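Okay, so here's the structure we're looking at.
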Amino acid sequence: MGTGRRLVFLLAWVSCLSVPLLAQFETRGRVFSASPGQAYATVVADFDRDGKLDVAVANDEGSVTILLGNGDGSFRRGATYPVAVESESIATADFRGNGILDLVVGERLSENVYVLLGNGDGTFQTPISYPTVGNPFQVSVGDFTGDGKVDIIAITELSQACHCIEVLPGSGDGTFGAAVLTPVPYDEAPLAFAVGYFNADSRLDVALTEQFGGDNRVAILLGNGDGTFQVDGYYEVTPSPISLVVADFNGDKKADLAVAGGLGAISVLLGNGDGSFQPAVNYPDPFPTSILAQDLDGDGKLDLAASSSGQLGIPAGASVLKGNGDGTFQPAVFYPAGQEQVTFVAAGDFNGDHLPDLVVVDNNNNTLITLLNTSVVSFSPTDPVHFPFQLAGTTSAPQTVTLTNTGTAPLAISSMKMAGDFAMNSTCGPIVAAGANCAINVTFSPRSKGNKSGSVILGDSASSKPQYVELSGSGTVVALSPPMVRFGTQKVGSKSVTTIQLTNEGSTALNFTKIAIGSDNTKQFSETNTCGSSVGAGAQCSITVTFAPTKTGLLTALVILTDDGGGSPQTVPLAGRGN
């Protein structure tokens with residue numbers, strides 16, 4: 001992420017009570033979006049015109065990666081296109097009027113925007129740069145000059161000329177003219193912007209968030225119809241306003257605003273239809289990084305979804321705030337996804353069930369994570385079920401997924417099947433009453449070593465497509481006995497010895513990279529072993545562990561085995577008390 005966007009979040013989010021949503025989301029598979037580079041922002045569209053939504057990802061180390069949709073919520077990697085140096089924003093439109101979508105990319109470390117003209121098959125032509133007077137870190141599109149042609153708009157910073165709003169007029173053939181400039185008002189640092197019609201003059205306007213010192217505001221700039229804008233006031237919003245969206249939240253056909261504040265809240269400002277807005281109402285949300293508005297539950301009322309970066313012990317993921325239809329929202333319901341620095345959220349029907357799904361970008365792990373909309377079917381947990389390593393040919397303890405019907409009518413379950421090295425039993429009958437729940441109990445029985453994946457495949461009346469509970473685990477051929485060692489109390493200066501038996505349950509040799517003691521207490525424990533670098537199929541070796549405390553109190557450590565037997569590294573916990 002660019003240094004200008006790396007915010008240090010110093011405030012903890014105070015959790016609020018969640019209420020049931022009609023729209024539920026479940027985390028799906030992850031797709032590496034680019035290499036090299038770190039995924040930052042996305043735009044969703046059908047770039048290859050096959051009727052399945054695709055994703056274009058701007059990577060903040062200077063490239064764009066195309067992920068082509070398979071129509072089931074998963075993606076396959078398309079081409080990657082080098083652009084700029086630090087790409088942090090991306091937008092799409094038909095710049096040539098030929099029915100083929102094109103792309104424009106914003107750039108933080110150079111004074112250019114980059115246009116990639118589409119070929120209509122999911123590929124794009126070589127990026128073409130267009131100069132701006134500053135660093136255009138965020139871009140969008142629209143007709144700002146009133147000629148019916150799509151223009152590019154950007155906010156720029158770090159320029160000797162100005163912090164600016166820049167409009168590059170479109171010619172209609174995929175090329176763009178020299179930037180038309182409007183200085184950012186109040187001489188403050190711009191963070192984000194969105195476009196919409198804020199008054200009744202049919203000219204596109206701009207809402208721009210700014211931050212300087214203790215000032216956090218959204219400024220309104222009304223369009224003049226020639227690519228320039230006039231300032232029309234500002235409104236205080238939540239601290240660190242790093243993303244915003246324009247939509248009609250109360251059905252009065254007037255544009256409203258929702259602003260994501262990176263320090264723990266979303267501000268909603270209802271529009272008056274004349275370019276002015278009512279004071280912000282804030283809704284707690286954990287460290288939002290981007291925001292969108294969409295009817296996620298099919299009730300005709302717009303909802304909000306925000307990505308969350310994950311900070312101070314709060315996990316990364318996405319929050320959904322259900323809209324009440326009057327401009328107010330219910331408390332945020334959180335869905336974990338990713339590990340840290342989830343920077344962006346987008347929406348679309350990725351599996352063809354006519355329900356809007358979400359994708360989030362995990363910047364640190366360079367992944368795109370899909371959260372499929374399960375309608376009134378709520379799964380707990382919402383993320384994939386993971387089993388720790390399991391000895392091949394044995395069965396794990398069960399893990400339980402709770403299915404709840406959050407709807408107002410009975411849920412009919414037509415089928416429930418398994419895939420992979422897993423087994424299932426369920427308390428779910430053919431009908432789950434409104435508000436009722438049932439349990440799906442899953443066990444893991446790997447047939448061989450290595451990482452395994454599977455799923456519970458559910459057919460129900462909530463969706464026209466099967467719904468999935470993703471499962472993962474790792475099979476190992478490394479059998480360790482005992483699985484844990486407790487030495488008890490040992491006098492300081494004396495020793496106690498025990499042996500761990502290792503058996504290779506596989507049909508090929510087991511090769512070791514390392515066997516060692518690991519922890520802060522390595523001086524209290526030591527090991528020797530007869531395993532060497534390899535143990536044959538069906539053969540055994542021993543690991544002798546010595547506990548020789550040099551201090552009093554509870555002392556713990558691990559025997560750590562790094563090998564090719566699946567589930568590596570395996571560990572055997574050690575514990576003893578010095579006296």
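Given the structure is predicted, the values throughout are model-derived calculations rather than measurements.
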**Message:** Between K322 and D299 (salt bridge meaning N to carboxylate O under 4.0 Å), is one present in this structure?
**Reply:** yes
**Asked** Without hydrogens or angle criteria, can the side chains of T65 and N59 be said to hold a donor-acceptor pair below 3.5 Å?
**Response** yes
**Request:** Would you kindly say whether N511 and D564 are connected by a side-chain donor-acceptor distance under 3.5 Å?
**Result:** yes
**Message:** Is a donor from one side chain sitting under 3.5 angstrom from an acceptor on the other, for S445 and D421?
**Reply:** no
**Prompt:** Between the side chains of S453 and E470, is a donor N or O closer than 3.5 angstrom to an acceptor N or O?
**Reply:** no
**Request:** Decide whether T476 and Q570 meet the rule of one side-chain donor and one side-chain acceptor closer than 3.5 Å.
**Result:** yes
**Prompt:** Between T382 and E26, do the side chains contain an N or O donor and an N or O acceptor separated by less than 3.5 Å?
**Reply:** no
**Asked** Got F334 and P286 here, is their nearest side-chain heavy-atom distance under 4.5 Å?
**Response** yes
**Message:** Within the 3.5 Å criterion, strictly below it, is a donor on N373 or D357 matched to an acceptor on the partner's side chain?
**Reply:** no
**Asked** Side chains of T343 and T289: donor-acceptor distance under 3.5 Å anywhere?
**Response** no
**Message:** For the residue pair S380 / T402, report whether a side-chain donor-acceptor contact shorter than 3.5 Å exists.
**Reply:** no
**Prompt:** Taking the side chain as C-beta and beyond, is there a heavy-atom pair between D54 and D48 under 4.5 Å?
**Reply:** yes
**Prompt:** Given the rule in the side chain to side chain contact (heavy atoms under 4.5 Å, CB included) test, do V469 and I457 qualify, once you have shown the distances and angles that lead to the verdict?
**Reply:** CA-CA 7 Å; V469 177; I457 307 169; over 6 Å; no
**Asked** Does any donor atom in the side chain of Q341 or D362 lie under 3.5 Å from an acceptor atom in the other side chain?
**Response** no
